[in-house]
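Working notes for the structure below.
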Amino acid sequence: MSASQQQEKTLAKKGDARLARRLLGYLRPYRRRAALAVLLTLLNAPLMLVGPPLTKAAVDLFIAPDAAKPLAGYEVALRRAALYLGAGSSPYRGLVFIGLIFLLANVLGFAVQYLHGIVMQTIGQHVMFDLRQQIFEHFQRLPMRFHDRNPVGRLMTRLTSDVDAVNEMFTVGVTSVVRNVVAILYIVCWMLYVDWRLTLLSFTMLPLVLALTLWFRGGARAANAEIRLLVARINAFLQEHISGMQVVQLFGREERERRIFDEINEANRRMGVRASLFYSSFLPLVEVVSVVGIALALWRGGLQVIAGLTTLGTVIAFIQLARSFYEPVGDISDKYNLVQAALAAAERIFALLDEPAPGAGPARPRASREARGRIEFRHVWFAYDAEDWVLKDVSFVVEPGERVALVGHTGGGKTTITNLLLRFYEVQRGQILFDGVDIRELDLTELRSNFSIVLQDICLYSGDIASNIRLGGGAVSEERMVAAAREVHADDFIRRLPGGYAARLHERGAGLSVGQKQLISFARALAFDPRVLILDEATSSIDTETETLIRDAVERLMKGRTSLVIAHRLSTIQSADKIIVIHKGRVREVGTHQRLLAERGLYWRLYRLQFGHKDGLQDLIEAGAVTP
Ligand code: ADP
Ligand code: MG
C-alpha cells in the first residue's frame with residue numbers, strides 16, 4: 001500500500017463531533033430552511049404511523065367493543081368526536097369516520113414528506129455548490145508543490161464523489177436518522193402508554209438486533225473505506241491514461257494498459273459484490289430476528305385477550321407497531337453508514353481545504369508602483385525534494401529591458417528558475433528580487449501580473465480563440481487582442497478559420513498546428529503587455545515553414561521589455577544581450593554570444609555540438625556535461 005493510500009485510510013478512520021460541527025457550519029446560510037425541514041420531519045412520523053392507533057380504536061370502539069375493558073385516552077376522545085359529528089351511532093358510520101381520519105393523516109403525511117424532500121434537496125444542492133466552489137478556489141491557490149504530490153484523479157474525486165457523499169448525508173442521511181429516531185420514540189412511547197408489559201415482551205429481541213446492527217456497522221464501514229480507495233485508484237488511472245492516450249497508442253501499450261485496468265476494475269467488482277452481499281443480508285436478518293419478538297407479543301397478547309385482560313385492538317395495534325419498529329432501527333444503521341462515509345469524505349475535503357495556501361502574500365504587501373522589470377537572483381538554493389538541490393547558489397541579474405537567454409542541458413534547472421521567479425515554489429536559501437524587492441514581500445497576483453510566459457506545451461482551453469487570447473477576462477480589449485494577434489502574425493490564419501476569432505477550439509487546441517498554437521500563445525502573451533516576458537523553449541518544436549514567422553514574432557514580443565528566453569536552439573538566442581549557461585544547477589558562464597565563444601567553455605561546446613561538429617559531443621563528455 002502506498003503512503004498516499006495509507007493516508008486516505010487513516011483519514012477515513014477519524015470522524016467526530018468536531019467534524020460534524022464544521023459540516024453543520026455549511027448549513028448556516030440556510031438555517032431557516034433547515035429549521036423548516038426539522039419541523040416537517042417531526043410532523044412526518046406521527047402522521048405516517050397513525051395506522052396502528054386508529055386500528056386499535058376501530059376494533060375497540062366499533063368492531064369488537066367490550067364495555068368491560070378500559071379505553072385509552074385518545075379512544076375516548078375519538079368516540080366523543082364521532083358522537084359529536086353524528087358518526088358514533090352505528091359501527092358502519094364509525095368505521096367510515098376512522099377511515100377518513102386515516103386517509104387524511106396519510107395524505108397530510110405524504111404532503112409533508114414531499115415538502116420536506118424539496119427543502120432538503122435544495123439545501124443539499126446549495127451546500128454542494130458552496131463546497132465545490134470553495135474547493136476549486138482553494139485548488140487554484142495551492143502551491144505547485146502540492147499539485148506535484150497529488151494526482152489529478154484524486155483531486156477530482158474530492159470535488160465529485162466526496163462532495164456527493166456530503167450532499168447525500170445532508171439530504172438522505174441526517175434526514176432519515178432524525179425521522180427514524182422520531183418514529184422510534186413515537187412507537188415506544190405509544191406502546192408503553194398502552195401496555196408496558198406487552199411492550200417489554202415485544203422488545204425481548206432488541207439486544208440481538210442491536211448486536212446485529214453493530215456487526216453490520218463495523219463491516220459496512222470497512223467495506224466502504226475499501227471501495228472508496230478502489231474508486232480513487234480507478235479515477236487516478238483513468239485520468240492519467242485518457243490524457244496520455246497518444247503515448248499509450250503510439251507505443252502500442254493498449255494491451256498492457258488494458259490488463260492493468262482489468263486488475264483494478266476487477267478488484268472494484270469483487271469488492272462491490274462483497275459489500276452488496278453484506279448489505280443485502282442485513283435487513284432480512286433484522287426482519288427474521290424481529291419476527292420472534294412479534295410472535296411473542298402475539299402469543300402473550302392473544303392469551304391476555306382471551307383472559308379478558310386487554311382488548312383485541314391493543315394486540316393488533318401492538319403487532320403492527322412492533323413490525324414498524326424494526327424498520328426504522330434497520331434504516332438507521334443503513335443510513336448511519338452513509339453518514340459515516342460522508343464524514344470520512346468531509347474529513348478528506350477539510351484536510352484539503354486546510355492545506356496551507358501561501359499565495360495570499362504578506363500581511364502588508366508593498367504598495368504597487370510601475371514595474372521596471374529588473375530581476376536578481378541572489379545565492380539561490382532550491383530543491384523540490386528535501387536536500388536534493390536542483391539549484392545551487394545561483395546568482396545573476398537581468399537589467400530592465402535586457403534580453404537574457406538561459407541555456408544548458410535538459411534537467412539543468414532552467415525551468416526551475418522561472419518557476420521560482422513566478423513563485424510557483426519558494427526558495428529554500430537566498431533570495432529573488434524583482435525591482436529590488438524580495439518577491440516574498442510582493443503580493444502574488446501583483447508579482448505575476450508583470451510576467452507573460454510562453455511554454456513549450458502550449459496551454460489552450462476549450463473555448464473560442466478570442467477567449468484563449470484574452471483568457472476570458474475583461475482586462476484585454478477587443479482592439480488590443482487583434483493588435484496583439486496582428487503583431488505576432490497570428491491574425492492572418494485566425495481570420496481564415498471558420499468563425500475567425502470566434503472559432504471554437506477543442507480541448508488543448510487539438511485541430512491546430514503546433515505553429516498556430518504557438519502564435520496564439522504569443523498573441524496571448526503580448527495582449528497582456530507584460531513588463532517581463534518568459535519564453536521557455538517556446539520555439540523548439542516548430543516546423544521550418546513557420547520558423548521565420550515565429551522568429552519575427554518573438555522579436556516583436558521582446559521589443560521594449562525585459563525578456564528571459566530559454567531555448568534549445570542556439571540560433572534563436574545569439575542576439576541576446578546576455579547568455580547565462582546553467583549546468584547541473586549552477587551558473588557556469590555568463591556573457592554575450594561572441595564572448596562566450598571566445599572563452600571556449602561550455603557554451604562553445606554546446607554550440608559546436610549543435611552545429612554538427614563531430615567532436616562536439618566528445619568535448620561535452622570531457623567537460624562532464626553529458627554522460628556517454
Ligand atoms: P530544465 O528546464 O533545465 O530542463 P528543470 O528545471 O525542468 O530543467 O529541472 C531541473 C531538475 O529538477 C531536473 O532534475 C528535474 O528532474 C527536477 N524537477 C523538475 N521539476 C520537478 C518537480 N516538479 N518535482 C521534482 N523534481 C523536479
Ligand atoms: Mg525546462
Side-chain angles (χ1 to χ4, degrees), residues 2-4 139 142-155 236 239-240 243-244 355 357-359 375 377 380-396 398 404-430 432 439 451-459 514 518 521 525 532-542 554 563-570 572-573 576 578-590 596 601-603 605-607 609-610 620 623-627:
S2 75
S4 61
F139 276 167
L142 284 173
M144 284 302 139
R145 224 177 249 286
F146 173 86
H147 289 288
D148 287 349
R149 274 187 288 119
N150 290 276
V152 179
R154 186 180 324 155
L155 299 184
Q239 194 280 325
E240 201 166 24
S243 56
E355 277 283 337
I375 297 163
F377 273 56
V380 169
W381 288 73
F382 173 77
Y384 287 101
D385 305 300
E387 296 267 298
D388 193 4
W389 299 112
V390 170
L391 294 186
K392 299 162 202 157
D393 197 27
V394 167
S395 299
F396 63 86
V398 180
V404 170
L406 290 175
V407 300
H409 283 280
T410 308
K414 304 179 295 293
T415 300
T416 303
I417 287 179
T418 65
N419 282 341
L420 294 180
L421 183 56
L422 293 168
R423 259 185 80 194
F424 287 125
Y425 301 86
E426 309 280 337
V427 303
Q428 272 104 336
R429 287 188 221 159
I432 299 172
I439 57 171
F451 295 88
S452 269
I453 180 161
V454 182
L455 302 171
Q456 183 175 22
D457 32 338
I458 300 143
C459 186
V514 176
Q518 202 95 50
S521 68
V532 184
L533 179 75
I534 297 174
L535 303 180
D536 191 348
E537 295 180 351
T539 57
S540 52
S541 52
I542 286 161
V554 169
S563 50
L564 206 56
V565 183
I566 301 173
H568 282 318
R569 303 191 179 204
L570 300 185
T572 56
I573 50 168
K578 191 191 281 173
I579 296 169
I580 300 175
V581 182
I582 305 288
H583 185 56
K584 291 188 176 166
R586 288 187 189 276
V587 174
R588 283 275 289 259
E589 292 165 12
V590 181
L596 288 180
L602 199 59
Y603 181 77
R605 291 190 178 100
L606 274 167
Y607 185 76
L609 180 66
Q610 200 158 74
L620 281 168
V626 289
T627 36

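As the structure lists them, so they are numbered: ligands from 1, and atoms in each ligand from 1. In this chain, numbering begins with 1 at the start of the sequence shown.
- Ligand 1 has no atom lying under 4.0 Å from any heavy atom of Met144.
- Under 4.0 Å from ligand 1, the heavy atoms of Asp148 that appear belong solely to its side chain.
- Remark: ligand 1 atoms within the under-4.0 Å shell around heavy atoms of His409 are 3 (O).
- Take a cut-off of 2.8 Å around the Mg ion (ligand 2): the protein N, O or S atoms inside it are Thr415 OG1.
- In this structure, the protein non-hydrogen atom closest to atom 22 (C) of ligand 1 is Tyr384 CD2, 3.4 Å.
- Looking only at distances, no side-chain donor or acceptor of Arg588 sits under 3.5 Å from a matching main-chain atom of Leu602.
- In Val390, the part holding a heavy atom less than 4.0 Å from any atom of ligand 1 is the side chain.
- Contacts with ligand 1 closer than 4.0 Å are made by side-chain heavy atoms of Tyr425 only, the backbone lying farther away.
- Scanning all protein heavy atoms for the shortest distance to atom 10 (C) of ligand 1 gives Gly411 O, 3.4 Å.
- The distance from atom NZ of Lys414 to atom NE2 of His409, rounded to the nearest 0.5 Å, is 8.5 Å.
- Between Arg429 and Asp393, the closest side-chain pair of non-hydrogen atoms is not below 4.5 Å.
- Counting heavy atoms from C-beta on, the side chains of Ile432 and Phe382 never come closer than 4.5 Å.
- Glu589 places a side-chain N or O within donor-acceptor distance of the main-chain N or O of Tyr603, the cut-off being under 3.5 Å.
- Annotation: side chain of Glu387 is in contact with side chain of Trp389 (closest heavy-atom distance under 4.5 Å).
- Note that CZ of Arg145 is 10.5 Å distant from CG of Asn419, once rounded to the nearest 0.5 Å.
- Side chains of Phe396 and Val590 form no contact here, defined as non-hydrogen atoms less than 4.5 Å apart.
- Taking atom 5 (P) of ligand 1 as the reference point, the nearest protein heavy-atom neighbour is Thr416 OG1, 3.6 Å.
- Test Ile580, Ile453, Asp536, Leu421 against Leu564 for side chain to side chain contact (heavy atoms under 4.5 Å, CB included) and you get one pass: Leu421.
- Within the 4.0 Å cut-off (strictly below), no protein heavy atom is located near atom 15 (C) of ligand 1.
- Below 3.5 Å of separation, one finds an N or O of Thr415 facing an N or O of ligand 1.
- In this structure the side chain of Tyr607 never reaches within 4.5 angstrom of the side chain of Leu596, judged on heavy atoms.
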| task | Evaluate side chain to side chain contact (heavy atoms under 4.5 Å, CB included) for Leu155 paired with His147, printing each intermediate quantity in order. | result | CA-CA 9 Å; Leu155 299 184; His147 289 288; 3.9 Å; yes
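- Applying the 4.0 Å criterion to heavy atoms of Gly412 picks out, from ligand 1, the atoms 1 (P), 3 (O), 8 (O).
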| Intermediate values then yes/no, side chain to side chain contact (heavy atoms under 4.5 Å, CB included), Val587 and Ile582 | CA-CA 5 Å; Val587 174; Ile582 305 288; 4.0 Å; yes
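- For the residue pair Thr416 / Tyr384, a side-chain donor-acceptor distance below 3.5 Å is found, with atom types taken as modelled.
- Every heavy atom of Gly408 sits 4.0 Å or more from the atoms of ligand 1.
- In terms of protein heavy-atom proximity, atom 8 (O) of ligand 1 is closest to Gly413 N, 3.2 Å.
- Counting the atoms of ligand 1 from 1 in the order shown, those under 4.0 Å from a heavy atom of Thr410 are 4 (O).
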